[in-house]
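Before any comments, here is the structure.
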Amino acid sequence: MSHPYGSFSAQRMHSRRRHGDRGESSQSGESHFGNHGRGRGQGGHPPWLKGKQIGLYYRDKAREMKQKSTKVIKLSEHVQVQIERVLYNSKGYYEKLYNNAYAEDTLHGTLENKYMHIHDSQFKRKFMNMVSGNLHENLDRALLVKSRLERDSDLDKMLFNEFKTATQEYQSMEKIRLKLPAHHKKVDILRLLKTNQVIVISGETGCGKTTQVPQFILDDAIEHRDGSVTRIICTQPRRISAISVAERVAAERAERLGKSVGFHIRLEKVLPRDRGSILFCTTGMLLQFLQGDPALKEFSHIILDEIHERTTESDFILALLKLIISKRSDLKVLLMSATVNPESFSEYYNNCPMIHIPGFTYPVTEYYLEDVLFLTEFKFPPATALPQDHRKHIKKYKQEQQKRDEFQDMIEVIDQLRNPHSEKLSLDLIEQLIRKRDPGAILVFLPGMMDIIKLNKIMLENGHYPQNQYVIYPLHSRMPTIDQKLIFKEPSEGVRKIIIATSIAETSITIEDVVYVIDCGKTKYGKFDLQKNIQTLEPEWVSLANARQRKGRAGRVKPGVCYHLYSKAREKTFECFPLPEMLRTRLEEVILQIKILQLGKAKTFLESVMSPPNMKAIDLSLDLLRTLNALDDEEHLTPLGYHLAQLPLDPRTGKMIIWAALFSCVEPVFAIAASLNFKDAFYCPLGKEEEARKKKLELNMNQFSDHIALSEALTRFEAAYKRSYASSFCRDYFLSFNTLKLLSEMKTQFAQHLYQMKFMNSENPSDVNANKNSKNTVLIKAIVCAGLYPNVAVIRKVTRNGTFAWTPEDGCVAIHPSSVNDRVKEYTSPYITYFTKQLSTAIYLHDTTCVTAPILLFAAPNMSIRKEKGNYFISLPSSQNFACDWQSAQLIQKLQEQFNNLLEYKITHPGTVCWNGFEGDLLKALTLFVNHSAIINLVCQKDEEMGFSESNIQKCEDNMCD
DNA sequence: GAGCACTGC
C-alpha cells in the first residue's frame, strides 16, 4: 500500500540536498578564512580579493552569520509520525460527512446553495432563517403571534381593586412622592401620552422622573382598568441603577420586589408579574429581548432613561424603535433625558412633544480659575517657553499698570492666566485650595489614577492633613475603597472628608454630603483614532454637560460651592456634550447586533442613527469581522458569525470560548474571556503597588502571561469561595471580590450559551468532559492567541524605562508596566499576543502572553511557504516569518488545513468532539504540536525594515517620559 | 513606571 503522502519522501530528499549544499559552502567559507573579525585591522577580507569582490565577500559573510544565528523549525521525529498518521486518516473524512455535496455547490449564488453542504438540522433552519430574513418581514410575522398582553377583564378588575385598597404604608410613602417636582407634571405627562406615541421628558436629577413616570403610567392604566394590557419597561445605563431604582419604586408602592415592580440585569433578576407591572433593566438587556421579541409585543410602554448619555446601546435602540413604532401604533415610547439638549431627541423623533420637569437642588456658587488664583494667591511655575515679544508685552503692560495698586491683585491673576502652565493640571494649586476651605466634605475631580496617587501623596507628606482632622478617600474603579461604607457617611465631629475621584463620582457613585467640588476640568476619554487606526486614552477638557454634572454634586443636601480650575475664557471653548460613544469606539459588536436583528447592511442602518459613525470606522470593523470569518464578502453572517453574534462577548473572545469547548479546556479560557470582556479583578492598591505586583507575578506561575494570571486568580478564588475564605484570599492577592464573583457567574453563563449551541454537553463550566485539557497551560495560551490573532508583537528591547516591542501596524510599542511581561530578564520567546493596545503616554500593550512559534502557527488561520535562495520560510498573515525545514513546513500546513476543515464542520454542525475518533486524534496532534519545544528564532529582518531603529525606540521612550 | 466610565437572554 502506498503512503498517501509518499511524495513527501522525495521532497525530503530534495530539501536535504539543498541544505547540504549550503552547509558545504559555509564550511568551506569557515576553513578558508578562519575566525577573522570584520574589521580590516584584524585581517578582514582575503588579500587577493579586489574591488567589487571585497564587497561581495562581506555580503556573503554577513549572510552566513545570519544563517547561523537563525534556528530552523524542524519537527521532532515523534511529532512528525503523529501528524503523518492523522493526515493519513483524514483522507476523505469530511468529504464523506458532507456527502460530496459541498465542493460544487459553494460556487453558486443563492444562500441555499451556498450552505447546501450543511445537513438539515435545527442549526441549519435557524441559521438560514437568520441569513435570509429581514426586519420588516419579522415584524409582520411577530405581530401575528399572540402576545401575553391580551385583555383580561377579570385581571383588570382585580388589579383595580387591589390598587384602591391602599395600605397605610403606601399612603405614608405617597406623602413623600407628592412633594417631588415630577408630581406636578403628572397630569400633563399622561395627557401628552394619550395623544402621542412618543414623548420626550427632560429633568435634572432629583426631580423624580425615573421613579415617578413609570408609576404614573401604571397607576393610570390600572385605574382605567387597563392593567392587563400594561407592561412597562424602563431602561437604565447602569446595573446598579436598575436595581436601586426598582427597589426604591417597590418601596414606594409598599411592596416587595417581584410583584408590580422588578428588575432584570445580566446574571441577576427579580421579575415582576407578567401584566400590570414595571420592569427596570439595563439597556443591553432590552437589546437582548429584541432578539427574541422583535416587535416588543411583551411590552406596552418603553421608557428609555438617561438617553442624554448617548451610549452606543441607547443610540442603537433609538434608531431601532423608530422602525418598530411604525408597525406598532399601540406601543408608547418615552424618552427621558437630563436638561441638556432634549430638543435633539425630539427632532430625531419627528419633532415629538417635549415636557420639562424642573429639578430641585440647592444653589451652588461657581468660581473659575481667575477667582481661585485670586483667592489662593497661587503662582504657577515660571513660563520658560513664552515667546520673547509676548513677555515684553506683559512687562510693558505691567509697567503701565504698576501705579494702580487697587488692581494689582487682579493684574497678577491675569498675568498668571497668561502663563501656559495655567492650562495644565496643578495638583499644588488643588492642594492649596483644599487647605483653605471652611468645614464640609470636598470632592475633587481628577483625570486619572496617576493624578489621584500623586495628590494623595502630596497631602499625606506635607503635614497639613493630620489623620485626626482629615480623612482622605481615593476613588477610582481600579482602587479598593478601604472602607466602602464610611465614604458615604458623615465623618465624626471635627474630621474633614476629602474624596479624590475620577469621573466615577459624576454619575456612578453619589456622596450626598459633599459641599465643595473642585473640578480640574479634565477627564480621560477613550477614543478611536481613525487616521492612526488605534484606540486612544488621553486627558481632554470636559464638556459643559460634564462640568454641570460635577457642579451639581455639591448641592445635594445644602447650598454648595464649585471651583472650576479653568478660566471662564477656556470654558467658552468647551463642547456642549461629550462625543457620543458610537463615534468613539470600534463597531464590531454593533455590526453583529445589526446582523442578528436582521437590519440589513451595516452602513445603511448606521446612517439612520442620531450621530452616524464615519464610513471608514465601519469599514475597519467590517474588515475585522471578515478576517475573523464572522461575515462573508456580501456582509452576510457566516455560521461562525451567527454563533458569535449570540454570545455576550466581543467576537475575538467569543471565538476563544468556542475553541475552548472543542479542545475541552473551558474553565481557564472562560475565565480569561470573561476578564478581558468585563474587567480584570486586579486592584491597584495605593501605596502597596509593589506588593500587588508580586502577587500578580505569583499567579502568573512563571508562564509569562497576564492571561494565565487572570485564569489562576479566578481558579483560586473559586476554590477559596467553596471553603469560605474568599474574602481573605482577595485581600491577600489585591483582587476585587465583587469582580471575581461576577466573572465566576459569567463562566456559567458562557457554559449555558455553549450548551444551547450544542458545543457543550453540560451547562456546568466545571464539567469534566469539557475540561479534559484544562491543565494544559500551553494549549490554553494557544487558544488565547488564536482568539486574539493577529494581535501579535515581537519583543525587541528591554530597557530601564520599559519593554519595547514591534508590531507591523505601529512599529515601536511598549508593554504596559502593569503586565507581568514588563521588564522580564529573559523571555522564553520573543512573540507576545495581546488583547488591548492603547495610545496614552505611549502605545501600550496592556495584557500580554508570551507565545512560542508553534503556538503562532496554530493560531494563524493560514500560512504560506516560500523558498528564497535555497531556504524555506513560513510566512504568517501577522507578518512573522520562520525559517523552516521543508518537510516540517509541509506537514504543519497540511495539519492546519485539516484543522480548518474540522472547524468548518463543527461550526456548521455544532457538537462536542468525539475524542476516540479522527477528530480527537486531530486535536491531540495539534495539542502535541503546540507543546513542541521547537527552538526557533525570528528570521532577522533588518531593524530599518521593521521601522525599529535605535532612534525609534528612543522616540518611544521620550514620549513615555513626558 | 501606569488603565476615564459603563454594558450583554
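Listed for the Arg238(A) side chain is no donor-acceptor partner under 3.5 Å among the backbone atoms of Ser508(A). Between the side chain of Asp529(A) and the backbone N or O of Ile534(A), no donor-acceptor pair lies under 3.5 Å. In this structure a side-chain-to-backbone donor-acceptor pair under 3.5 Å is missing from His816(A) to Tyr844(A). Ser621(A) contributes a side-chain N or O that, together with a main-chain N or O of Leu587(A), makes up a donor-acceptor pair within less than 3.5 Å. Here the side chain of Ser503(A) pairs no donor or acceptor atom with the backbone of Glu506(A) at under 3.5 angstrom. Asp451(A) contributes a side-chain N or O that, together with a main-chain N or O of Gly448(A), makes up a donor-acceptor pair within less than 3.5 Å.
Judged by distance alone, the side chains of Thr312(A) and Glu581(A) do bring a donor and an acceptor atom under 3.5 Å apart. A side-chain N or O of Thr510(A) and one of Arg553(A) form a donor-acceptor pair less than 3.5 Å apart. Looking at Asp810(A) and Thr807(A), their side chains do bring a donor and an acceptor atom within 3.5 Å of each other.
Proximity of residues 279-286 of chain A to DNA chain B (heavy atom under 4.0 angstrom from any strand atom) is restricted to Thr282(A), Gly284(A), Met285(A). Contact check of residues 641-651 of chain A against DNA chain B (heavy atom, cut-off under 4.0 Å) returns Leu647(A), Pro648(A), Leu649(A).
Contacts of Glu506(A) with the nucleic acid, taken as non-hydrogen atoms under 4.0 Å apart, are absent. When heavy atoms are screened at a 4.0 angstrom cut-off, Glu690(A) is found touching base atoms of the nucleic acid. In this structure, Gln749(A) reaches the sugar-phosphate backbone alone: every heavy-atom distance under 4.0 Å involves primed, P, OP1 or OP2 atoms, never a base. Residue Arg478(A) is classed as a base contact, given a heavy-atom separation below 4.0 Å to a base. When heavy atoms are screened at a 4.0 angstrom cut-off, Asn677(A) is found touching base atoms of the nucleic acid. Within 4.0 Å of Ser477(A), counting heavy atoms only, lie sugar-phosphate atoms of the nucleic acid but no base atom. The residue Asp451(A) sits apart from the nucleic acid: no heavy atom pair falls under 4.0 Å.
When the side-chain nitrogen and oxygen atoms of His476(A) are compared with OP1 and OP2 of dC4(B), one or more of them lie within a distance under 4.0 Å. At dG3(B), one or more side-chain N or O atoms of Thr841(A) fall inside 4.0 Å of OP1 or OP2 (strictly under the cut-off). Residue Lys524(A) places none of its side-chain N or O atoms closer than 4.0 Å to OP1 or OP2 of dA5(B). A sub-4.0 Å separation between OP1 or OP2 of dG8(B) and a side-chain N or O of Arg239(A) is present.
Listed candidates were dC4(B), dG3(B), dC6(B). Nearest to the side chain of Arg238(A) is dC6(B). Side-chain atoms of Asn801(A) lie closest to dG1(B) of the nucleotides dG1(B), dC9(B), dA2(B). Nearest to the side chain of Pro817(A), among dG3(B), dG1(B), dA5(B), sits dG1(B). Distances from the side chain of Leu537(A) to the nucleotides dA2(B), dC4(B), dC6(B) place dC4(B) closest. The side chain of Ser508(A) has dC6(B) as its nearest neighbour among dC9(B), dC6(B), dG3(B). Checking dT7(B), dC6(B), dG3(B) against every side-chain atom of Ile504(A), the shortest atom distance belongs to dC6(B). Nearest nucleotide to the Thr502(A) side chain, out of dT7(B), dG3(B), dA5(B): dA5(B).
Closest-nucleotide positions on DNA chain B for Asp822(A) and Thr523(A) were compared, and the one nearer the 5' end corresponds to Asp822(A). Residue-to-nucleotide proximity on DNA chain B shows that, of Gly526(A) and Glu589(A), the 5′-proximal contact is made by Gly526(A).
The separation between Leu676(A) atom CG and dG8(B) atom C1' is 16 Å, rounded to whole Å. Between the CG atom of Leu845(A) and the C1' atom of dA2(B) there is a distance of 14 Å, given to the nearest Å. Between the C1' atom of dG3(B) and the CZ atom of Phe678(A) lies a distance of 15 Å, rounded to the nearest Å. One interatomic measurement links the two molecules: CD1 of Ile815(A) to P of dA2(B), which rounds to 15 Å at whole-angstrom precision. One atom, CD1 of Ile509(A), and another, C1' of dC4(B), lie 13 Å apart when rounded to the nearest Å. Atoms NE2 (His308(A)) and C1' (dC6(B)) sit 13 Å apart, rounded to a whole Å. Summarising the geometry, the separation between NZ on Lys679(A) and P on dC4(B) is reported as 13 Å, rounded to the nearest angstrom. Per the geometry, CG belonging to Leu267(A) stands 12 Å off P belonging to dT7(B), to the nearest Å.
Rounding to the nearest 0.5 angstrom, the gap separating the SG atom in Cys281(A) from the CD1 atom in Ile243(A) is 12.0 Å.
Aromatic ring orientation, Tyr566(A) versus Phe574(A): tilted (interplanar angle from 30° to 60°).
A side chain to side chain donor-acceptor pair (under 3.5 Å) check over residues 642-651 of chain A, counting only residues at least two apart or in different chains, returns the pairs Asp650(A)-Thr653(A).
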